[in-house]
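Encoded as C-alpha cells, the structure appears first; notes follow it.
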Amino acid sequence: MTLPLPTPGDDELALSTQLAALIRAEIAAQGPMPFSRFMERCLYAPGLGYYSAGRTKFGAAGDFVTAPELGPLFARCMASALAPVLRELGEDAEFCELGGGSGAFAEAVMLALDDAGNVPRRYRILEPSADLRERQRERLSVSLPAASFARVDWLDRPPEKAWRGVLFANEVIDALPATRFTLSEGEVFEEYVSIDAAGRFMRVDRPADALVSGAVRHLERDLGTSFADGYRSEILPQLPYWMQAVLGSLQAGLVLFVDYGYPRAEYYRPDRDDGSLVCHYRHRAHGDALWMPGLQDITAFVDFTALAEAGNQAGFAVAGYSSQAQFLIAAGLASHFEQASEKADAAECYRLAQQVKRLTLPGEMGEKFQVMSFVRGLSGAALLPGLVSIDRGFRL
C-alpha cells in the first residue's frame with residue numbers, strides 16, 4: 001500500500017505554484033510540452049526547479065538518502081578502487097565528480113585519498129545548482145584540511161581542456177530528463193504534457209519525431225522483438241551526445257557510474273509496461289510526475305546497455321559492470337568496516353553495520369544499484385581490483 005504524501009508547507013506551495021505557472025505559460029504559448037522538457041523544468045528551472053531551489057534534498061531531513069549520505073564506507077571503498085588509476089596517471093591526475101549532492105562523497109573520498117597519499121592535483125565538482133554548490137563549499141571548507149580544500153573547485157559545465165584522471169557519478173544518469181514513449185498500431189508516439197479544461201497538467205501522446213522513433217526502433221532491433229501496442233517506457237535518445245560532452249576531454253583515465261537500473265533485456269521486459277519512472281518526496285516514493293512541480297525528485301531507472309553503447313561511442317571501453325554489493329566487496333568493504341570498527345564505540349559499530357546492510361543487501365541498495373566503469377588510455381594494472389572476476393557484462 002502506498003503511503004499518502006505529506007502536505008507541503010506554505011513556502012513549498014508558493015514555489016511550486018510559481019513553477020507550475022511558468023510551465024503553463026510555456027504550454028499556452030508553444031503547445032503541449034514533451035515530457036522530457038517538463039521533467040527538465042521541474043528539476044532544473046533556475047531558482048525554482050527541484051535541484052535549483054534551496055530546499056534540503058538529501059538525508060533524513062530531505063526526500064531520499066544516497067549511498068554517500070549513509071556514512072563514509074561507500075566513499076572509502078571508492079577511494080581504494082580508484083587509487084591505482086590516480087597512481088598510474090601521476091601528479092597531474094584530477095578527480096571530477098558529477099553532481100556533488102551534499103558534499104558528503106567529496107569529503108569522505110578526499111580524506112581517504114589524503115590518508116593513502118593519493119590526493120589528486122585537482123578535485124572538481126561539476127554542479128549546475130548554485131544552491132548545492134554553496135552548501136558543498138561550506139561543508140568542505142570546514143571538514144577538509146586547508147591543503148586539500150585548496151585543491152577543490154567547482155564547474156558549471158564539463159571540462160573543455162584535455163585532462164587525465166577519474167570521473168565519478170553517483171545517481172546522475174537517473175536524473176537526466178527522460179523521454180517517455182508508447183506504441184499505437186505499431187507506430188511510435190512520444191508522451192507530452194498538456195493542460196486540461198481545469199488548468200491541471202495531463203499527459204497526451206503525439207507522433208514521435210525521427211530521433212525518438214529511431215531510438216525506439218533501435219531498441220526493438222537489439223531486443224529482437226517489437227513492443228506491443230500500449231507499451232510505455234522511457235528512453236534517453238540524447239545520452240550519446242551527453243556522454244560525448246561530458247567525457248570528450250578526458251584523454252586518459254577511468255569513468256565510474258553508480259545508479260539504479262537494469263541491462264536492456266530486463267529494463268524493457270513485457271510486464272514492465274509502464275516504464276520505471278519514480279518520484280521522491282520526504283522519503284515517499286510514488287509515480288505521479290505531474291504532482292507539485294519543483295517539490296519532488298523525478299527519476300527514471302537506467303538502461304545500462306544504453307550507457308555502455310554511449311560510452312563506446314564516446315571512445316571508451318567498458319571495463320566492468322557489476323552490482324553495487326559485488327563492487328564494494330571487491331573494493332575492500334570488509335576491511336574498511338573492520339578498520340572503522342576498531343576505533344568505534346558500540347553505538348558507532350551499530351551504525352557502521354547498518355551502513356554495510358544498506359549498501360549491500362539485495363533488498364536495499366546492493367542489487368538495485370549497478371556499477372559500470374569505462375577506461376581510455378590505461379594499462380590493465382590500473383583497473384579496479386577484482387572487477388574482472390565480478391564482471392556482469394555478459395548480461396548487457
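What's counted below: heavy atoms across the whole structure, side chains too, no hydrogens, waters or symmetry copies.
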- [ ] Verify side chain to side chain contact (heavy atoms under 4.5 Å, CB included) between R217 and R221, making sure each step is shown before the conclusion.
- [x] CA-CA 6 Å; R217 297 309 185 195; R221 288 192 298 271; 3.7 Å; yes
Task: N/O donor-acceptor pair under 3.5 Å between S36 side chain and T179 backbone - done: no
Open item on the list: So which atom in R151 and which in A147 form the shortest heavy-atom distance, rounded to 0.1 Å?
Closed with: CG-O, 3.6 Å
- [ ] Taking all non-hydrogen atoms of both residues into account, name the closest pair between P237 and A215 and its distance.
- [x] CB-CB, 4.2 Å
- [ ] Can you see which heavy atom on P159 is nearest to which on S249, and at what distance?
- [x] O-OG, 2.7 Å
Open item on the list: Does any part of the side chain of W242, heavy atoms only, come nearer than 4.5 Å to the side chain of L176, both counted from C-beta?
Closed with: yes
Task: Heavy-atom pair of closest approach, residues I298 and C42 - done: CD1-CB, 3.9 Å
Task: The single option from F301, Y267, F304 passing ring pair (Phe, Tyr, Trp, His ring centres under 6.0 Å) against Y260 - done: F301
Open item on the list: I'd like to know if F38 and I27 are part of one continuous hydrophobic network [Ile/Leu/Val/Met/Phe/Trp/Tyr, side-chain heavy atoms within less than 4.5 Å].
Closed with: yes
TODO: Would you confirm whether S16, through its side chain, and P293, through its main-chain N or O, come within 3.5 Å as a donor-acceptor pair?
DONE: yes
Task: Main-chain N/O of E138 paired with S141 side-chain donor or acceptor, under 3.5 Å - done: yes
Open item on the list: Using a 6.0 Å distance limit plus a 45 degree cone around the ring axis, check whether R206 lies over the aromatic ring of Y192.
Closed with: yes
Task: Donor + acceptor pair across side chains of S323, Q326 (<3.5 Å) - done: yes
Task: Spacing of CZ belonging to R41 relative to CG belonging to L48, to within rounding of 0.5 Å - done: 9.0 Å
- [ ] Verify, without hydrogens or angle tests, whether R133 (side chain) and L126 (backbone) share a donor-acceptor contact under 3.5 angstrom.
- [x] no
Open item on the list: Please check this pair: side chain of E26 against backbone of M33, looking for a donor-acceptor N/O pair closer than 3.5 Å.
Closed with: no
Open item on the list: With clusters defined by side-chain heavy atoms of hydrophobic residues (ILVMFWY) lying less than 4.5 Å apart, directly or transitively, does V371 cluster with V356?
Closed with: yes
TODO: State, with a plain yes or no, whether a side-chain heavy atom of Q136 is found less than 4.5 Å away from one of I125.
DONE: yes
Open item on the list: Looking at E266, is its backbone amide N or carbonyl O close enough to the side chain of R272 to form a donor-acceptor pair, meaning the two atoms are under 3.5 Å apart?
Closed with: yes
Open item on the list: Is there a side-chain contact between D259 and Q370 in this structure, where contact means two heavy atoms from C-beta onward sitting under 4.5 Å apart?
Closed with: no
- [ ] Compute whether any side-chain donor of one residue and acceptor of the other, for Y231 and D274, lie under 3.5 angstrom apart.
- [x] no
Task: D205 bridged to R232 by N-O distance under 4.0 Å - done: yes
Open item on the list: The test is side chain to side chain contact (heavy atoms under 4.5 Å, CB included); show your working for R139 and S102 and say whether it passes.
Closed with: CA-CA 8 Å; R139 176 174 186 155; S102 70; 3.3 Å; yes
Open item on the list: With a 3.5 Å distance limit and no angle check, can you tell me whether S373 reaches the backbone of L256 through a side-chain donor-acceptor pair?
Closed with: no
Open item on the list: Looking only at side-chain N and O atoms, does Q296 offer a donor or acceptor that is under 3.5 Å from a partner on Y50?
Closed with: no
- [ ] For Q238, look at atom CD and say whether over 12 heavy atoms of other residues, nucleotides or ligands are found less than 6.0 Å away.
- [x] yes
- [ ] Begin with the C-alpha distance, continue with both residues' side-chain angles, and end with the deciding distance and a verdict on side chain to side chain contact (heavy atoms under 4.5 Å, CB included) for Q324 and L359.
- [x] CA-CA 7 Å; Q324 177 174 287; L359 291 170; 3.7 Å; yes
Open item on the list: Could you see if I329 belongs to whatever hydrophobic cluster contains L73? Use Ile, Leu, Val, Met, Phe, Trp, Tyr and a side-chain cutoff under 4.5 Å.
Closed with: no
Open item on the list: Can you give me the closest heavy-atom contact between L277 and E234, atom names plus distance?
Closed with: N-OE2, 3.5 Å
Task: Any L378 side-chain heavy atom under 4.5 Å of L89 side chain - done: yes
Task: R121/E91 salt bridge by N-O under 4.0 Å criterion - done: no
Task: ILVMFWY network linking I173 to V246, side-chain heavy atoms under 4.5 angstrom - done: yes
Task: From CG (L15) to OG (S52), nearest 0.5 Å - done: 10.0 Å
Task: Interatomic distance, C279 atom SG to L295 atom CG [nearest 0.5 angstrom] - done: 11.5 Å
Task: Same cluster (ILVMFWY, side-chain, under 4.5 Å), V204 and I23 - done: no
Open item on the list: Salt bridge or not between D153 and R124? Use side-chain N to carboxylate O under 4.0 Å.
Closed with: yes
Task: Note, L111 side chain near E107 side chain (heavy atom, < 4.5 Å) - done: yes
Task: Check: E12 side chain, G9 main-chain N or O, donor-acceptor pair, under 3.5 Å - done: yes
TODO: Keeping the roles fixed (side chain from E127, backbone from G100), state whether a donor-acceptor pair exists under 3.5 Å.
DONE: yes
- [ ] Please work out which of the three classes, parallel, tilted or perpendicular, describes the rings of F227 and F181, given edges at 30° and 60°.
- [x] tilted
Task: Flag for H280-T299: side-chain donor and acceptor within less than 3.5 Å - done: no
TODO: Using the six-membered ring of Y262, assess whether NZ or CZ of R269 lies under 6.0 Å from its centre and within 45 degrees of the ring axis.
DONE: no
Task: Note, S233 side chain near R180 side chain (heavy atom, < 4.5 Å) - done: no
Open item on the list: Just verifying a value: how many Å separate D174 CG and F369 CZ, rounded to the nearest 0.5 Å?
Closed with: 7.5 Å
Open item on the list: A quick test of your reading: do over 12 heavy atoms of other residues, nucleotides or ligands sit less than 6.0 Å from CG of D156?
Closed with: yes
Open item on the list: Looking at D229, I want to see if its CG is surrounded by more than 12 non-hydrogen atoms of other residues, nucleotides or ligands under 6.0 Å.
Closed with: yes
Task: V255/F168 under side chain to side chain contact (heavy atoms under 4.5 Å, CB included): CA gap, chis, key distance, verdict - done: CA-CA 6 Å; V255 182; F168 175 80; over 6 Å; no
Task: Stepwise ring pair (Phe, Tyr, Trp, His ring centres under 6.0 Å) test for W291 and Y281 - done: CA-CA 10 Å; W291 181 83; Y281 178 70; 5.0 Å; yes
Open item on the list: Does this structure show an ion pair linking E94 with R122, if we count only N-O contacts that are shorter than 4.0 Å?
Closed with: no
- [ ] Please report the closest heavy-atom contact between L140 and G103, naming both atoms and the distance.
- [x] CD2-O, 3.7 Å
Task: Flag, side chain of S129 to backbone of Y51, donor-acceptor distance under 3.5 Å - done: yes
TODO: May I ask you to test the V258-M78 pair for a side-chain heavy-atom distance under 4.5 Å?
DONE: yes
